[in-house]
Protein chains: 4
Amino acid sequence: MTTTSSGKPLRADALRNRAKVLAAAEDVFAAQGTSASTEEVARRAGVGIGTVFRHFPTKESLLEAVLVALLERLAAQARDLASAADPGEAFFGFFARVVAQAATKQAVTDALAEAGVDAREATGRTGPDVKAAIGTLLERAQRAGAVRADIGPSEVTALLAGISYAAGRAGGSDDVLRIAFDGLRPQGGTADQAAARR
Amino acid sequence: MTTTSSGKPLRADALRNRAKVLAAAEDVFAAQGTSASTEEVARRAGVGIGTVFRHFPTKESLLEAVLVALLERLAAQARDLASAADPGEAFFGFFARVVAQAATKQAVTDALAEAGVDAREATGRTGPDVKAAIGTLLERAQRAGAVRADIGPSEVTALLAGISYAAGRAGGSDDVLRIAFDGLRPQGGTADQAAARR
Amino acid sequence: MTTTSSGKPLRADALRNRAKVLAAAEDVFAAQGTSASTEEVARRAGVGIGTVFRHFPTKESLLEAVLVALLERLAAQARDLASAADPGEAFFGFFARVVAQAATKQAVTDALAEAGVDAREATGRTGPDVKAAIGTLLERAQRAGAVRADIGPSEVTALLAGISYAAGRAGGSDDVLRIAFDGLRPQGGTADQAAARR
Amino acid sequence: MTTTSSGKPLRADALRNRAKVLAAAEDVFAAQGTSASTEEVARRAGVGIGTVFRHFPTKESLLEAVLVALLERLAAQARDLASAADPGEAFFGFFARVVAQAATKQAVTDALAEAGVDAREATGRTGPDVKAAIGTLLERAQRAGAVRADIGPSEVTALLAGISYAAGRAGGSDDVLRIAFDGLRPQGGTADQAAARR
DNA sequence: TATGAATGAGGTTTCATTCAT
DNA sequence: AATGAATGAAACCTCATTCAT
């Protein structure tokens with residue numbers, strides 16, 4: 001993501017400003033919600049409002065960019081864990097870490113949802129990246145018998161969102177995370193369990 | 001909720017309008033999010049904007065009223081199930097029903113959170129009602145061995161919120177609900193499981 | 001002023017309400033300025049808003065009525081003093097008393113001026129009454145040599161308004177009143193002064 | 001007043017617009033009273049409503065700015081006369097000129113009073129400037145025996161306000177001004193008078 | 001006649017976006 | 001490319017006035 005939509009490479013200073021704006025936006029939206037003003041983002045970034053709009057022609061595109069950045073970071077974390085020694089630990093560790101980061105992401109996910117933009121469409125090719133990375137973690141954990149076999153990446157992603165929400169808003173304690181983990185593990189008395197024992 | 005804050009009973013027509021506004025607000029906020037305009041609510045209700053503000057002097061108070069109405073409805077449903085024959089079925093049935101209704105409630109819960117109002121405080125005495133009713137369902141299900149014994153109403157409520165969110169936003173299928181249910185059941189290898197098998 | 005504009009006599013209870021509203025309006029406008037809401041007047045009067053509008057079909061007419069009532073009271077006070085023993089004392093005493101009451105009257109005078117209504121027209125036949133009563137006091141004081149001879153009721157009224165304003169807003173002390181009095185007395189080196197020394 | 005509250009100098013075009021808005025506000029408030037809408041001010045200034053609020057973030061701050069501008073102008077006029085040849089003429093000339101300008105100033109003074117803002121506080125350091133300049137004029141006139149010795153700047157200011165009000169509202173003729181002048185001159189039978197005759 | 005609920009124009013203020021500097 | 005002033009639509013809310021009860 002080092003070029004504009006027009007495909008032309010950005011000058012060094014422009015690139016630096018783009019990064020400053022993005023970082024500021026992440027902070028501001030996390031702190032004040034997505035209804036924070038674009039001007040506030042500019043102020044925090046230390047640039048003029050015009051500069052924000054030069055890089056992100058609408059507020060929605062700014063929110064989208066923040067979301068993409070977050071998802072990219074998540075995907076990277078997932079890929080880092082893809083070759084960990086203990087697949088189960090890798091999977092659940094990733095899950096827990098995402099939930100812990102939820103406060104910020106929540107704001108942005110909400111925003112896009114509210115703006116009437118489907119998150120999956122907005123995130124373009126980043127969404128699949130995350131899903132693919134999660135899929136890898138999931139498969140390894142399932143093969144190791146640490147996670148039930150009858151679910152796929154979509155279910156994991158949805159559950160991740162829900163538990164993150166609970167953690168951010170409902171003041172959910174670790175107990176909620178524990179319940180989710182128990183639900184994700186192979187369940188007793190089923191074919192899953194048999195597979196887990198193998 | 002048939003009186004104003006001043007304690008005087010409302011005239012029949014006023015009461016009817018209040019209900020119309022509340023219903024419209026529920027629809028509008030569910031459909032467009034809580035940033036929908038008050039004027040849109042008035043339009044949908046078929047009343048003048050002044051009427052909305054007569055009944056709910058600020059937008060926040062309108063959002064609050066919508067939330068309270070929703071919670072009241074939930075509490076009533078929970079109470080209805082408190083004496084059902086099968087406590088486990090009652091508990092899980094309630095959970096599933098709430099999640100199914102989630103689209104609307106989500107909008108409002110978000111709104112209050114964003115508005116800086118603590119949902120638990122805003123809902124005044126309605127929140128406790130819901131929690132109490134859920135507590136009753138939970139206890140009965142735990143005593144019957146249908147639900148794990150190491151959680152309380154707070155965890156259930158938080159999980160309810162999270163799964164509802166997943167259902168409303170992340171397009172969570174029934175699989176997510178199934179995972180949550182499995183996590184809520186007595187877990188293998190513990191005293192709970194023994195109780196469950198009895 | 002015991003009839004409506006339609007000429008029909010008011011029922012006893014209607015008359016009582018009219019008086020209550022008028023008194024409340026005086027209080028409210030004096031305390032909060034003329035931008036106070038009509039609803040506030042109704043509340044203070046202990047009647048419904050509809051009742052206020054039944055008696056005074058517009059807010060302007062209510063302000064006008066308050067002003068008329070005030071002027072009537074002033075005229076009565078002036079008439080009471082018309083036969084006082086000392087004409088000079090009567091004149092200056094009246095002047096001082098009016099200024100002391102100014103706070104309330106100010107609000108209303110301003111209001112009418114702001115509302116684009118010419119005070120002289122609005123007050124209809126009451127204005128002349130006041131002016132006539134002031135004229136009588138003035139003439140007697142002039143004949144007694146206590147007030148300069150080269151001014152008429154119009155100048156006295158204007159000065160009265162100005163000094164009242166100063167008293168109400170500019171925090172004018174008694175000194176301002178003293179200056180006005182000195183300016184109103186027969187001035188040195190003229191026929192007036194001779195008369196004053198007689 | 002060539003900078004914003006943030007201390008940064010304004011761009012040339014912004015400065016021009018600020019002046020246009022201020023001038024328009026003076027006109028509009030003078031003509032229609034302080035309850036005139038901000039939109040009317042924008043229309044008269046030929047700018048968008050947003051521009052008005054960029055320069056004056058609330059209506060009250062706009063009213064305040066108009067008042068400050070007026071007081072500054074008055075202070076400048078007073079200072080110009082501070083070294084005039086005839087101190088008495090300077091003092092009374094100033095007084096007369098202020099009264100002649102009264103229509104506009106009245107509107108604004110009223111406004112601030114109504115808005116619950118103490119004019120003296122709101123005007124910051126401009127109020128004292130005016131009073132100081134008036135004080136200089138007064139002292140010189142008193143030393144020259146043209147004005148009575150037993151009053152100070154506060155009394156002059158209050159009287160100024162009152163007579164201005166009379167001139168603007170009550171249709172006061174020059175006679176009222178004459179009365180005030182006579183009251184301000186050294187009064188017969190006192191040390192003042194002796195000084196005046198010298 | 002009295003009441004107060006309903007109305008909607010209009011007021012202040014915010015903010016995403018555009019454009020001159 | 002960067003800036004920030006200008007714009008105006010739209011939001012929330014008030015209040016004089018009308019009208020059904």
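Chain identifiers are assigned alphabetically (A, B, ...) following the order of the sequence lines, protein sequences preceding nucleic acid strands; residue numbering begins at 1 within each chain.
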Measure the spacing between [atom1] of [X] and [atom2] of [Y] and express it to the nearest 0.5 Å.
X: B:Ser35; Y: B:Glu40; atom1: OG; atom2: CD; result: 11.5 Å
X: D:Glu26; Y: D:Arg73; atom1: CD; atom2: CZ; result: 4.0 Å
X: B:Gln32; Y: B:Ser37; atom1: CD; atom2: OG; result: 7.5 Å
X: A:Glu72; Y: A:Leu67; atom1: CD; atom2: CG; result: 10.0 Å
X: D:Lys20; Y: D:Leu22; atom1: NZ; atom2: CG; result: 13.0 Å

Could you check how far [atom1] of [X] sits from [atom2] of [N], rounded to whole Å?
X: D:Phe56; N: E:dT12; atom1: CZ; atom2: P; result: 15 Å
X: B:Asp13; N: F:dA20; atom1: CG; atom2: P; result: 11 Å
X: C:Arg18; N: E:dA2; atom1: CZ; atom2: C1'; result: 17 Å
X: C:His55; N: E:dT1; atom1: NE2; atom2: C1'; result: 9 Å
X: D:Arg16; N: F:dA6; atom1: CZ; atom2: C1'; result: 13 Å
X: D:Lys20; N: F:dA5; atom1: NZ; atom2: C1'; result: 12 Å
X: C:Ile49; N: F:dA16; atom1: CD1; atom2: P; result: 7 Å
X: C:Glu40; N: F:dC15; atom1: CD; atom2: P; result: 10 Å

Quick check on DNA chain E: between A:Gly50 and D:Glu39, whose nearest nucleotide comes earlier from the 5' end?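 Nearest nucleotide further toward 5': that of D:Glu39.
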
Discussion item. Here's a test of your reading of the structure: between C:Asn17 and D:Phe53, which maps to the more 5' nucleotide of DNA chain E?
Written reply: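 Looking at DNA chain E, the more 5' nearest nucleotide goes with C:Asn17.
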
Result for 5'-nearest mapping on DNA chain F, choosing between A:Val52 and D:Val47, is A:Val52

In Watson-Crick or G-U wobble terms, both distances under 3.5 Å, what is the partner of [N]?
N: F:dT7; result: E:dA16
N: F:dC13; result: E:dG10
N: F:dT21; result: E:dA2

Closest to side chain of [X], choosing from [options]:
X: D:Thr58; options: E:dT13, E:dT12, E:dA2; answer: E:dT13
X: C:Ser37; options: F:dA6, F:dA2, F:dA16; answer: F:dA16
X: A:Lys59; options: F:dT17, E:dA16, F:dA1; answer: E:dA16

Next on the checklist: What's A:Thr51 touching, base or sugar-phosphate or nothing? Going by heavy atoms closer than 4.0 Å.
Outcome noted: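 The residue A:Thr51 makes base contact.
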
